[in-house]
There are 2 protein chains.
Amino acid sequence: MSPTVKGPSPGPRPPGSWPPRTAYPASDMAEHFLPIDAHRPRLADEVYRQLVDALSDGGLRPGDRLIQERIAEAMGVSRTPVREALLRLEQERIIVPGNRGGFIVRAASENEIREIYETREAIEGYAARLLAERGDETALSLIDKAIDEHSTQAHDTAHEGYLANKAVHRAIVRATGNTQLVGLFDAVWDRSVAVLLYADLHRITEAAFEPSHEELLDTFRAGDPDRACTAMIEHIRVGLAEQLSIHDPSKARYETP
Amino acid sequence: MSPTVKGPSPGPRPPGSWPPRTAYPASDMAEHFLPIDAHRPRLADEVYRQLVDALSDGGLRPGDRLIQERIAEAMGVSRTPVREALLRLEQERIIVPGNRGGFIVRAASENEIREIYETREAIEGYAARLLAERGDETALSLIDKAIDEHSTQAHDTAHEGYLANKAVHRAIVRATGNTQLVGLFDAVWDRSVAVLLYADLHRITEAAFEPSHEELLDTFRAGDPDRACTAMIEHIRVGLAEQLSIHDPSKARYETP
DNA sequence: TCTACGAATACCGAATACAGTATATGGTAC
DNA sequence: GTACCATATACTGTATTCGGTATTCGTAGA
């Protein structure tokens, strides 16, 4: 049975792999050197990154058909890494197999957008609850810092506004210290790549909503988990209403209770 | 631009593809035939299924090394579908690349188990909140039914007890009607495949906890979202404490407030 | 003009081949 | 006994090929 491996740093490397031997005691080496990811970069990862970038900046749109051979030719690689990247997007439900070959970029329905916003309510509402329960001022000051960084920053494009908003919300979830929760947050926002294609989501700046980002932070500091959770949920529901009203103004602004 | 495709049923098939033509008016055909998934089954999916089964029934354990060529030989296929299945498991962080080739089955740390339980609190706590907000008796009766089915059923193995518990909790999330939330639920429980390998999770029957499944349902019916949410969170925290106490009895049973 | 059928085309999934990389092993010198 | 070096081995990632399947196209016949 092979030894258990903990993660991408598979263990101490033999001394021969290190820079020229010095007088450091072995126990001090970890303080002076960083672990090196020994695993080979994969072309499939780069293909994936480019596809995701194209999806999020409008280069690829719902209904577009992605053909393995053509992408491979365009990127100057073989079909294999392209296929691997596409299968990954398929797992993430961003694309679906077409009936005449190829994968089709999937559009998000309005109902799906509602559901995605609800999953945000679950994750970010829970994060708000945890932060209010704990009242850890160090964690909360990191959120404060993220809010400052991203509200004063000039947004040259609406896409940057979207990224800034995401960064604040991500900082909130990160402040819980739960990496699994951050992973779910990322999965949900990455799925919103398809959502982006439905509407110009990045035109919305949730920072302008009530309760605002600053007000949310106040609820965390107030120490009432229920109140913090419901405030976050309200904030997100305002965002949803705004999102839906872009295409249909009859979906009025959400009235907070 | 190709037409937008909605899902695995890409649209009406030309009549020529159907069984011998009958006298049905075209508008009636949908009542008599079911859509057929036109997409080819992939070997990679079957490989994946077998690997996940082996992970969940103990055939594969943390630290085990998965070699593409060997699995391919054992399953009588080429390396390609094996690789695709393994890359999928890698994306799901169930396995990590080893430093001498192969992929290693990853073990879940205690901290990771805590975090996974917290993500359950986020998802299932939110589901509880939604159900209490809505008070939809049709949805709640489905949960009632799931509880009945799975509490009276004889559990021949502890693994079946685990599956029964999962089914009840999944029914709760499904009752929200939010498929994205169900997707997250499945992702979290599927990640717990690795958790299974850490401890005999399936020895725990959360149905025996307080608040019990029945009591949770009562909180949904009572119509207080905050109360329903916190009851679910308590239930899950009891489960975590029990889970951790299997290996270390000093981690005492969680005291509900 | 419409329908049916066969051939062509487009694309995918899987198998196979090739090249690169990291580790293990064996031999040799000190 | 230890360190170093060359070679072998094990495995991966990618490229290429092959065969299958679904759609499209062209043509013949009614």
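As a basis for the values below, the full set of heavy atoms in this structure was taken, side chains included, without hydrogen atoms, waters or symmetry mates. Below, chain A is the first sequence line, B the second, and so on; all start at residue 1.
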Query - Over 12 non-hydrogen atoms of neighbours within 6.0 angstrom of CZ in A:Arg174 - result: no

Atom-to-atom span, [atom1] of [X] to [atom2] of [N] - whole angstrom:
X: A:Arg70; N: C:dC11; atom1: CZ; atom2: C1'; value: 9 Å
X: B:Glu69; N: C:dC18; atom1: CD; atom2: P; value: 15 Å
X: A:Gln68; N: D:dT17; atom1: CD; atom2: P; value: 17 Å
X: A:Ile67; N: C:dT9; atom1: CD1; atom2: P; value: 17 Å
X: A:Leu86; N: C:dC11; atom1: CG; atom2: C1'; value: 13 Å
X: A:Leu66; N: C:dA10; atom1: CG; atom2: C1'; value: 16 Å
X: A:Met75; N: D:dA15; atom1: CE; atom2: C1'; value: 17 Å
X: A:Asn99; N: C:dT9; atom1: CG; atom2: C1'; value: 16 Å

Taking OP1 and OP2 of [N], is either one under 4.0 Å from a side-chain nitrogen or oxygen of [X]?
X: B:Ser78; N: C:dA14; answer: no
X: A:Arg79; N: D:dT17; answer: no
X: B:Arg42; N: C:dC12; answer: no

Requested in this report: May I ask you to establish whether A:Arg120 and A:Tyr117 are in a cation-pi arrangement, using a distance under 6.0 Å from NZ or CZ to the six-membered ring centre and at most 45° from the ring axis?
Outcome: yes

Report task. Indicate yes or no: does A:Arg49 engage A:Asp53 in a salt bridge with an N to O separation below 4.0 Å. Result -> yes

Report task. Report the residue (A:Gly101 or B:Gly101) whose heavy-atom-nearest nucleotide on DNA chain D is the more 5′ of the two. Result -> B:Gly101

For nucleotides 24-26 of chain D, print each protein N/O atom paired with a nucleotide N/O atom at under 3.5 Å, atom names and distance only.
none

Query - Given DNA chain C, 5'-ward residue of the pair A:Phe103 and A:Thr80, judged by closest heavy atom - result: A:Phe103

Query raised in the report: Do the side chains of A:Val105 and A:Arg61 get nearer than 4.5 Å, heavy atoms only?
Result: no

Query raised in the report: Looking at A:Val182, A:Ile236, A:Leu181, which one forms a side-chain contact (heavy atoms from CB on, under 4.5 Å) with A:Ile123?
Result: A:Leu181

Report summary line: Tightest non-hydrogen contact, residues B:Arg42 and A:Pro97, listed as NH2-CG, 4.3 Å

Report task. Grab the two heavy atoms, one from B:Ala85 and one from B:Tyr48, that are nearest each other, plus how far apart they are. Result -> CB-N, 3.6 Å

Query raised in the report: Among the nucleotides C:dA14, D:dA10, C:dC11, which one has an atom lying closest to any side-chain atom of A:Arg65?
Result: C:dC11

